[in-house]
Structure formats: C-alpha cells, structure tokens
Visitor: 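Let me begin by handing over the structure; questions about it come next.
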Amino acid sequence: MHTIGEAAALSGVTPDTLRYYEKERLVMPASKTGAGYRLYDDEALRRIHFIKTAQHCGFALAEIHELMTLKQADSACCADVRSVAIEKKLRIAHKLQALQAMSKALDELIERCAGGAAATEDCPILAALENGLSVVAR
Amino acid sequence: MSVRIELIAAPGCGKCAVAQAKLHAIATTMLGEDAVVWREVNVLEELDYAVSLGVLSMPAIAVNGELKFSSLPTPERFRAMLSSLEHS
C-alpha cells in the first residue's frame, strides 16, 4: 500500500491530481487509515498509468472514464473500444482541419505586411483584422 | 434522380453491418432499387472525406453528400428522412 504522496511520486502526478481522480471516480484509494489517510494499491497505480497513457493519445478524462467502463463491462468487446478510438481520431482530425484553416488565415495576414518600422495605425494586419480578411491590403 | 446514401463506419463494427442491411432494404423499398446509390464508407480509409462531412461518431449516414444522422437512426426516422427527400 502507498500513501497519496508515494503513489503520486511513483506515478509522476501530484497528490492534488489523485484527489481529483478520486472526485471523478477514476481512481479510488484501496482503503483509508484509521486517521483517514488515503492508501493506494498496485491496481490504483495501474489505473493512474492507464489515465496518463490515454491522455497522451488525446483522450479527455470523460472519455477515459468511458474506456475504463468498457474495460470492466462484460457486454463490451474490442470493437467498442476501437470505435471510441476512431471517434477520438475523427475529433482530432476536425481540430487539425480547423487549425490548418487558422494557419492559412495567418499566412494571408503575414503576406499582407512586410513588417518594418511603420506606425501600427498603418499596419495591414491590424487593418485586415478590423475590416475582415477579404479587404485588400493598402 | 438517384439518391446517394453513404453509411460511414469502421470495418468490423457489428451494429453497423446490421444497420446497413436494414436501412439499405428500407431505402430500396421506398425509393426503388435503381434510384438508390448505396455506398459503405470505411472511415479509416476516407478519414478526410468523413471529416469534411462533419462525422464525429459512427455509424453516420450522409445523403447526397450531406450528413443526415450522426448515430444510428431508427427505421422510422430513416423513413421520415427519405420521405422528406421525396417531397423536396
């Protein structure tokens, strides 16, 4: 058994994070001491590791909760987990597309301005942001 | 004029396969075999296309290039959508 400080140190998270995981019912302490201190077992450490790895793949805590529920559900199968992963990939692809559009809009802004020491009131980038991107640069 | 119906799903999805058969049958019964162009879209092979349709969950259904259902519709909802196409 590990105290919250030990479990946090072993897992590379903070004790506050473990308290938050408990509040979200992601990782529960295995037991508590007579004085009320949380104690974590190896299964809890495995769950923390699972959360960290899933976060690395882009999963939010609510989605990780869903994955953990699937892991324990008798009726769930690999296809269910795979669907969650594919849907996550779809959401990431949507975000990437939005980021690419932002990057393209920034290219357009940067293109309008050669930089230099001109006063900001003459800045084509600020003008374009005020008037919309379709306005032709002065 | 034919109606292009696309079922966007991941291969190996059991519920998608069952849905595909049922909904395909409904579409051909309502619109006629020749009027339906049915296509199964493998989301992993055509991810960009799925994203362009706005697909976030599966199975999704697009009709004539427009996302109509982002989850499996009931046969009643699917029929209602097809009816609205006939009247538009």
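Note that these values count all heavy atoms, side chains included, but never hydrogens, waters or copies made by symmetry. Within every chain, numbering begins at 1; the chains are lettered A, B, ... in the order of the sequence lines, protein sequences first and strands thereafter. Since the model is a prediction, treat every value here as computed from it, not as a measurement.
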Visitor: Grouping I, L, V, M, F, W and Y whenever their side-chain heavy atoms are under 4.5 Å apart, do L56(B) and V43(B) come out in a common cluster?
Guide: no
Visitor: If hydrophobic clusters are built from ILVMFWY residues whose side chains come within less than 4.5 Å, do V13(A) and L10(A) share one?
Guide: yes
Visitor: Are M81(B) and V3(B) co-members of a hydrophobic cluster defined by side-chain heavy atoms under 4.5 Å apart?
Guide: yes
Visitor: Which other residues end up in the same hydrophobic cluster as M102(A), if Ile, Leu, Val, Met, Phe, Trp and Tyr are linked when side-chain heavy atoms come under 4.5 Å apart?
Guide: L99(A)
Visitor: What are the two closest heavy atoms between L90(A) and V55(B), and how far apart are they?
Guide: CD2-O, 3.7 Å
Visitor: Cluster question for you: counting only ILVMFWY and a side-chain heavy-atom cut-off of under 4.5 Å, with indirect links fine, are L61(A) and L67(A) together?
Guide: yes
Visitor: Counting only heavy atoms not in E33(B), do more than 12 fall under 6.0 Å of its CD?
Guide: no
Visitor: If you measure from CD1 on I86(A) to CG on L44(B), what distance do you get to the nearest 0.5 Å?
Guide: 4.0 Å
Visitor: Report every donor-acceptor pair between chain B and chain A with a separation under 3.5 Å, backbone and side chains included.
Guide:
unit_1 : atom_1 : unit_2 : atom_2 : d
P11(B) : O      : R82(A) : NH1    : 3.1
V55(B) : O      : H94(A) : NE2    : 3.0
M58(B) : N      : E87(A) : OE2    : 2.9

Visitor: So for atom CZ, which belongs to R39(B), do other residues, nucleotides or ligands contribute more than 12 heavy atoms lying within a distance under 6.0 Å?
Guide: yes
